[in-house]
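For reference, the structure discussed in these notes is given below.
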Number of protein chains: 2
Amino acid sequence: MNRKIAARCLAELGNLTRLDIYRLLVRAGPPGLNITDIQTRLDVPASTLAFHLRGLVGAGLVTQEKKGRTVICRAQYERMDGVVTFLREHCCEGFDSDLVAPLARRAS
Amino acid sequence: MNRKIAARCLAELGNLTRLDIYRLLVRAGPPGLNITDIQTRLDVPASTLAFHLRGLVGAGLVTQEKKGRTVICRAQYERMDGVVTFLREHCCEGFDSDLVAPLARRAS
DNA sequence: ACGGTATTTCTAGAATATTCGAAATAGTAT
DNA sequence: ATACTATTTCGAATATTCTAGAAATACCGT
């Protein structure tokens, strides 16, 4: 994980339509959902849906598997976990809580 | 937490400059950083920085406290936690893993 | 009051993202 | 081959976001 990939993933999920798609896939779990199912549930034009799916796949948040003429989409949980870990990395580094406001702490 | 707030937070962090600002504040921890410090470390023009900070504060990811003529900025961890929880909500709902690929599981 | 430092607002150009109809492609079934 | 279904690409209009200089505001020290 790096800054650019993390930003890309976050930006993809930062759009309401794509967030809805992603959450739908998170709910669906391992079996995933095909594109027509997503379309039916979210009521988005096919070309718009294709545009957003391309983004999610490009960011590595969703994977696709061709099954005949349908495409099964699945949320890629590890990718999101990587982003979250990255966001929390080095949290409070250089901040020693023992040195902060000792009086205030003693008072509580 | 709801779809719109989550999308807003994710979109804010989906920009490289804002992601850098946010991570800087996550590292800084509870003491936070004032705006000039952020500016010095990230080398961003003041007006650009103000623009991005407004976004992060608006999304609730960062809080600001005026201290004399400086403004101390702090990452709001709870907000991000809320977004992450929202993203994982209802994961694999309606998917019963006991019913899936029993042969494959027996084989491993 | 004045000078200096910190930060924000204004502005407008440039860049990027979003939408979706129509046309194209791919795969299945008859 | 033809018809049908699933999905993608193209293209162009529209909308949103980003950037940063210049001007404005706010607050402190003298």
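Letters go in sequence order (proteins before strands), and every chain restarts at 1. Basis for what follows: all heavy atoms, side chains included, without hydrogens, waters or symmetry-related copies.
Within the 4.5 Å cutoff, the side chain of A/L87 has no heavy atoms near those of the A/E89 side chain. A/E12 is not listed as a side-chain neighbour of A/H52, based on a closest heavy-atom distance of 4.5 Å or more. Inter-residue side-chain proximity for A/L33 and A/I72 is flagged as unmet; no heavy-atom pair is nearer than 4.5 Å. Put simply, the side chain of A/R79 reaches to within 4.5 Å of the side chain of A/L61, judged on heavy atoms.
Projected onto DNA chain C by closest heavy-atom contact, A/K67 and A/G14 fall at different nucleotides, the more 5' of which corresponds to A/G14.
In the set C/dA6, C/dT8, C/dG21, C/dA6 carries the atom at the smallest distance from any side-chain atom of B/T36. When distances run from any side-chain atom of B/N34 to the nucleotides C/dT18, C/dT7, C/dT8, the shortest one goes to C/dT7. For A/S47, the side-chain atoms get nearest to C/dC20 when compared with the rest of C/dT7, C/dC20, C/dT9.
Straight-line distance from the CZ atom of B/F51 to the P atom of C/dA14: 17 Å, rounded to whole Å. As rounded to whole Å, 10 Å separates atom C1' of C/dG3 from atom CZ of B/R69. In this structure, CD of B/Q39 is placed 12 Å from C1' of C/dT5, rounded to the nearest angstrom. Rounded to an integer number of Å, the gap from CG of B/D37 to C1' of C/dT5 is 14 Å. Taking atom CG on A/L56 and atom C1' on C/dT18, their separation rounds to 14 Å, with Å as the unit.
Counting any heavy atom pair closer than 4.0 Å across all strands shown, A/T70 reaches sugar-phosphate atoms only and no base atom.
Note that the first and last nucleotides of DNA chain D, 5' to 3', having any atom under 4.0 angstrom from a heavy atom of chain B are D/dC18 to D/dC28.
B/V62 is not connected to B/F51 by any chain of hydrophobic side-chain contacts under 4.5 Å among Ile, Leu, Val, Met, Phe, Trp and Tyr, and they are in different clusters.
To the nearest 0.5 Å, the span separating CG on B/L25 from OH on B/Y77 amounts to 8.0 Å.
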